[in-house]
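What follows is a short report on a single structure.
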Amino acid sequence: MISQQLKWNIPFLIICVLIIGLSYFFTGKRQLNQFILFSGGMILLYLLQGSPLRTISHLTFTTHMLQISLLYFIVPQFLLLGMTTTFYQKVSHSLLKRMNFIILSPCVSRGLRDKKRSTSPNLV
């Protein structure tokens, strides 16, 4: 049963390779260090999430903690250091714009305000 789950995730591999290819297309040979860092982060992400290590990490606590530590502390640093500044600014600006729209929309803020009123005790 476990041997059936110990497989490599091929669709995730294709996505990672496409993202690495796009990164090379946009950075090119001009910024080779950034490309190497970004590719290393994507390869490490694939090895942690697309390999049989993901299934094995559910069996032993040590492997699970190693996987989580690498995913939370090492992979984001490689990906962020490997991004170009223009790409990072575009992504962060669009995400902040969407988050502000969601958080600051009147329906959401009113719902949060009404929920806060209903859960707080009446002091009057």
Side-chain angles (χ1 to χ4, degrees):
M1 183 167 134
I2 292 176
S3 63
Q4 294 173 352
Q5 296 174 354
L6 294 177
K7 294 182 180 178
W8 293 84
N9 190 347
I10 302 301
F12 189 56
L13 173 66
I14 293 169
I15 291 170
C16 288
V17 168
L18 287 175
I19 291 173
I20 290 173
L22 286 173
S23 170
Y24 182 75
F25 177 73
F26 286 116
T27 59
K29 295 180 181 179
R30 294 173 285 142
Q31 300 165 340
L32 189 61
N33 290 336
Q34 284 184 328
F35 174 71
I36 290 172
L37 285 171
F38 188 79
S39 299
M42 288 301 294
I43 290 169
L44 191 57
L45 176 68
Y46 178 73
L47 288 176
L48 293 171
Q49 289 296 100
S51 70
L53 180 66
R54 184 172 181 183
T55 305
I56 295 170
S57 71
H58 292 292
L59 299 175
T60 62
F61 184 69
T62 306
T63 321
H64 173 72
M65 291 311 297
L66 177 68
Q67 178 193 21
I68 294 298
S69 297
L70 289 172
L71 278 173
Y72 287 164
F73 298 119
I74 306 299
V75 171
Q77 289 182 8
F78 279 144
L79 293 178
L80 287 175
L81 288 172
M83 281 187 197
T84 60
T85 54
T86 55
F87 177 73
Y88 179 74
Q89 288 171 352
K90 287 179 183 179
V91 169
S92 64
H93 179 68
S94 66
L95 285 176
L96 286 176
K97 196 174 190 181
R98 288 181 187 158
M99 291 300 292
N100 284 338
F101 176 74
I102 292 170
I103 293 172
L104 299 178
S105 70
C107 297
V108 173
S109 62
R110 182 178 171 116
L112 291 174
R113 186 188 73 198
D114 291 344
K115 186 173 183 172
K116 185 178 179 184
R117 283 186 184 172
S118 66
T119 59
S120 63
N122 290 334
L123 299 176
V124 179

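Heads up: numbering here begins at 1 and tracks the sequence. Computation of the quantities below employed the complete heavy-atom set of this structure, encompassing side-chain atoms and omitting hydrogens, waters and symmetry-equivalent molecules.
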### Task
Kindly give the heavy-atom pair with the smallest separation between Q49 and L71, and that separation in Å.
OE1-CD1, 3.3 Å
## Note on the structure
Here the pair of heavy atoms bringing Y46 nearest to C16 is CB-SG, 4.1 Å
### Task
May I ask whether I10 and L18 are part of the same hydrophobic cluster, defined by side-chain heavy atoms of I, L, V, M, F, W, Y residues being less than 4.5 angstrom apart, directly or through others?
yes
### Query
Hey, quick one: are F73 and I68 part of the same hydrophobic cluster, counting side-chain heavy atoms closer than 4.5 Å, chains of contacts allowed?
yes
### Task
Apply side chain to side chain contact (heavy atoms under 4.5 Å, CB included) to the pair W8 and L47, showing each step before the final yes or no.
CA-CA 9 Å; W8 293 84; L47 288 176; 4.1 Å; yes
### Task
In sequence, state the C-alpha distance, the side-chain angles, and the governing distance for T63 and L59, and then conclude on side chain to side chain contact (heavy atoms under 4.5 Å, CB included).
CA-CA 8 Å; T63 321; L59 299 175; over 6 Å; no
### Query
When rounded to the nearest 0.5 angstrom, what distance separates OG in S69 from CD1 in I74?
8.5 Å
### Message
Return the CD1 to CZ distance between I36 and F78, rounded to the nearest 0.5 Å.
### Response
11.5 Å
### Task
Tell me, with the steps shown, if T84 and F38 meet side chain to side chain contact (heavy atoms under 4.5 Å, CB included).
CA-CA 10 Å; T84 60; F38 188 79; over 6 Å; no
## Note on the structure
Rounded to the nearest 0.5 angstrom, the CG-CG distance for N33 and L81 is 11.0 Å
### Query
Within a strict 4.5 Å, meaning less than it, do heavy atoms of the S23 and F35 side chains meet?
yes
### Query
Which distance, rounded to the nearest 0.5 Å, do you find between the CG of L45 and the CD1 of I19?
8.5 Å
### Message
Using side-chain heavy atoms (C-beta onward) and a distance below 4.5 Å, is N9 in contact with P11?
### Response
yes
### Trace of the side chain to side chain contact (heavy atoms under 4.5 Å, CB included) decision for I20 with I43
CA-CA 9 Å; I20 290 173; I43 290 169; 4.3 Å; yes
### Message
Within the structure provided, determine whether Q67 and R54 are in side-chain contact (heavy-atom separation under 4.5 Å).
### Response
yes
### Query
Do you reckon M65 sits in the same ILVMFWY cluster as L48, going by side-chain contacts under 4.5 Å, direct or chained?
no
### Side chains of L79 and M42 in contact at under 4.5 Å (non-hydrogen atoms)
yes
